[in-house]
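Computed from heavy atoms alone, side chains included, the values below leave out hydrogens, waters and symmetry copies. If you're wondering where the values come from, they're calculated on a predicted model, not measured in any experiment. In listed order, ligands and their atoms are each counted from 1.
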Amino acid sequence: MSDCLFCKIIAGDIPADKIYEDDDVLAFHDIGAQAPHHFLVIPKKHIATLNDVDDAALVGKLTLTATNIAKELGFSDDGYRVVMNCNEQGGQTVYHIHLHCLGGRQLSWPPG
Ligand code: 5GP
Ligand code: ZN
């Protein structure tokens, strides 16, 4: 999608601090980090919201990519959170699905 921010990052038209990339997914640091570790994992295929997902394997791959990175960056044993925001009341601001992974500090619950 030509007007999608994350599609532009995938295409290399907008720079990002990339962590991992393969044929299906891209992981990069969030520009507005809310924790010492905060990265996003996105599918290379444009999917606007979680409501549009019909590929269980792809969502599983987003999750496993995040956990593998958390292990590699060394904060998996301390703990972390993965979250996907959906639509307005879920707090979604970029309409290309993305999994947030946050760690490196004590996270509170419930979220705001
Ligand atoms: P959402 O609110 O849609 O769940 O999350 C969107 C996330 O994308 C936010 O955490 C925001 O900081 C991040 N973000 C927005 N624009 C950019 C950008 O240009 N580069 C990077 N790396 N992250 C971005
Ligand atoms: Zn997109």
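Checked by distance only, ligand 1 and Ile31 come closer than 3.5 Å through their nitrogen or oxygen atoms. Inclusion of His38 in the set of residues having an N or O under 3.5 Å from an N or O of ligand 1 is not warranted. Some N or O of His29 is nearer than 3.5 Å to an N or O of ligand 1, by distance alone.
Cluster annotation: Phe28 is connected to Ile14 through the hydrophobic network of ILVMFWY side chains, with a link wherever side-chain heavy atoms come within less than 4.5 Å. Note on Leu40: it clusters hydrophobically with Val94, by side-chain heavy-atom contacts below 4.5 Å among ILVMFWY residues. In the hydrophobic clustering of this structure, Met84 does not group with Leu102; members are Ile, Leu, Val, Met, Phe, Trp, Tyr whose side-chain heavy atoms approach within less than 4.5 Å, directly or through other members.
Take the N/O/S atoms of His46: the one nearest the Zn ion (ligand 2) is ND1. The N, O or S atom of His96 lying closest to the Zn ion (ligand 2) is ND1.
Ligand 1 has at least one atom lying under 4.0 Å from a heavy atom of Leu40. In this structure, His100 counts as a contact residue of ligand 1, since one of its heavy atoms falls inside 4.0 Å of the ligand. Ligand 1 is approached by Gly91 to a heavy-atom distance shorter than 4.0 Å.
Proximity to Gln92 (heavy-atom distance under 4.0 Å) selects the following atoms of ligand 1: 3 (O). Atom numbering of ligand 1 starts at 1 in the shown order; those under 4.0 Å from a heavy atom of Gly32 are 12 (O). Which parts of ligand 1 touch Phe28 is read off a 4.0 Å heavy-atom cut-off, strictly below it: atoms 21 (C), 22 (N). Short contacts between ligand 1 and Phe6, defined as distances under 4.0 Å to a heavy atom of the residue, involve ligand atoms 8 (O).
A distance-only check finds a donor-acceptor pair linking the side chain of Arg81 to the backbone of Ser108 [under 3.5 Å]. Between the side chain of Asp30 and the backbone N or O of Gly32 there is at least one donor-acceptor pair closer than 3.5 Å.
In this structure, Phe39 has its ring center at least 6.0 angstrom away from the ring center of His29. Taking the six-membered ring for Trp, His98 and His100 have ring centres closer than 6.0 Å.
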* Evaluate the side chain to side chain contact (heavy atoms under 4.5 Å, CB included) criterion for residues Asn51 and Cys86: first the C-alpha distance (whole Å), next the side-chain angles of each, then the deciding distance (0.1 Å), finally the verdict. => CA-CA 8 Å; Asn51 291 334; Cys86 183; 3.7 Å; yes

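Rounded to the nearest 10 degrees, the angle SG (Cys7) to the Zn ion (ligand 2) to SG (Cys4) equals 120°.
Of the heavy atoms in Asn85, only side-chain atoms (C-beta onward) come closer than 4.0 Å to ligand 1. Contacts between Tyr95 and ligand 1, counted as non-hydrogen atom pairs separated by less than 4.0 Å, are absent for every part of the residue. Proximity of His98 to ligand 1, defined as any heavy-atom pair under 4.0 Å, is confined to the side chain (atoms from C-beta onward).
Side-chain contact between Leu26 and Lys18 is present, with heavy atoms from C-beta onward closer than 4.5 Å. For the pair Pro43/Leu62, a side-chain contact is recorded, criterion being any heavy-atom separation below 4.5 Å from C-beta on.
Ranking protein heavy atoms by distance to atom 16 (N) of ligand 1, first place goes to Leu5 CD2, 3.2 Å. At the shortest separation from atom 10 (O) of ligand 1 among protein heavy atoms lies Asp30 OD2, 2.5 Å. Regarding atom 3 (O) of ligand 1, its nearest protein heavy-atom neighbour is Thr93 N, 2.7 Å.
Test Asp23, Asp55, Asp22 against Lys61 for salt bridge (Lys or Arg N to Asp or Glu O under 4.0 Å) and you get one pass: Asp22.
A donor atom on one side chain and an acceptor atom on the other are not found under 3.5 Å apart for Thr65 and Asn68.
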